[in-house]
Amino acid sequence: VRTDYTNSRTDDQFTPRVSLSYLPTDDLTLYASYGKGFKSGGFDMRGDAAFTPDTVNGYAPEKVDAYELGLKGAFLDRTLFVNAAAFYSDYKDQQITAQVPYTAPLVGVASFVDNVGKSTIKGFELETRMVPSRNFSVVATFGYIDAKFEKFITYDPVSASYVDVSSQRAFQNTPKFTVSFAPTWSTDVAGGTFSITPSISHRSAYHQFEIPNALLDENGYELIDASASWTSANDRFRLSVHGRNLANERYKIGGYAFPGATYGNSIIGFYGPPRTFTVSGEVKF
């Protein structure tokens with residue numbers, strides 16, 4: 001009853017992509033690419049036109065110019081494989097979903113899709129695989145990302161005007177650093193191959209929503225996993241045992257925070273899976 005309207009829109013966009021590759025040797029590829037991304041606009045069926053009047057106008061398309069430079073190569077007599085990429089993305093009218101509490105004329109929470117102006121994402125990714133022997137290999141990855149809002153325009157119901165709050169906003173679920181390390185040891189056993197892979201991964205601190213919240217935001221965590229498997233020589237049968245989050249790390253993956261008596265002091269946190277073990281069998285026909 002607070003959002004009763006009829007409207008329509010049509011969006012279109014030319015989205016080219018260009019990629020160039022150069023092979024200085026048989027084991028090395030260098031590349032560069034550019035692509036235009038597009039997500040159409042629309043209307044939020046959960047919008048509240050009384051609290052955010054522009055809900056009736058819908059939200060505009062999201063556009064991005066994405067650039068990437070990278071290499072894929074094999075080195076040291078093909079015992080070291082490297083994939084590396086640097087990227088930069090320039091967003092315009094990025095679409096985000098916001099939850100904003102309000103107390104007038106009613107008490108509630110408005111959830112709506114909105115365009116926030118301009119944002120940039122840049123970073124670097126590295127993946128390496130080392131194979132020093134037939135029975136031993138190591139996979140290691142590293143990721144760095146710097147994502148920020150350059151302009152975040154939102155409607156302020158108190159002043160009944162639009163304001164830029166980019167300095168008070170952060171990208172959702174975007175840790176600055178991600179790291180993983182996983183060695184694998186294997187040997188021939190009972191007419192097949194038996195392998196063991198322990199691994200550790202790290203995610204640095206991140207925000208659950210665009211508005212930072214100390215109650216919900218995750219400070220970063222490490223996960224320790226391990227797996228063991230036996231695969232038959234003809235690759236038809238496989239038996240595996242997996243252990244996830246062996247250190248039983250507690251880490252937040254979502255939640256909502258509406259403290260105070262006005263909103264029923266509703267503070268909810270969602271956590272990742274605890275220590276978990278699984279056994280799996282596979283037969284290929």
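Since we're looking at a predicted model, the values are computed, not measured.
No chain of hydrophobic side-chain contacts below 4.5 Å, direct or via other Ile, Leu, Val, Met, Phe, Trp or Tyr residues, connects Leu20 to Leu28.
Counting only distance, with no hydrogens or angles, the side chain of Asp77 and the backbone of Thr79 share no donor-acceptor pair below 3.5 Å. Thr276 places a side-chain N or O within donor-acceptor distance of the main-chain N or O of Pro274, the cut-off being under 3.5 Å. Side-chain atoms of Thr3 come within 3.5 Å of backbone N or O of Ala49 as a donor-acceptor pair. Between the Glu210 side chain and the Ala170 main chain, no donor and acceptor come within less than 3.5 Å of each other. Asn7 places a side-chain N or O within donor-acceptor distance of the main-chain N or O of Val56, the cut-off being under 3.5 Å. Without hydrogens or angle criteria, Gln95 side chain to Ala60 main chain gives a donor-acceptor distance under 3.5 Å.
A perpendicular orientation is assigned to the rings of Tyr206 and Tyr221, their planes being inclined by more than 60° (bins at 30° and 60°).
Ion pairing of Lys148 with Asp146 is absent here, as no side-chain N (NZ or NE/NH1/NH2) approaches a carboxylate O to less than 4.0 Å. A salt bridge does not link Lys63 to Asp90: none of the charged nitrogens lies less than 4.0 Å from a carboxylate oxygen.
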Can you check side-chain contact (heavy atoms from CB on, under 4.5 Å) on Tyr34 and Asp65, steps first, answer last? CA-CA 7 Å; Tyr34 162 78; Asp65 292 297; 2.5 Å; yes
Under the ring pair (Phe, Tyr, Trp, His ring centres under 6.0 Å) criterion, do Phe209 and Tyr256 qualify, and how do the steps go? CA-CA 9 Å; Phe209 296 100; Tyr256 296 95; 5.8 Å; yes
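For CG of Asn248, the number of neighbouring non-hydrogen atoms (other residues, nucleotides, ligands) closer than 6.0 Å is greater than 12.
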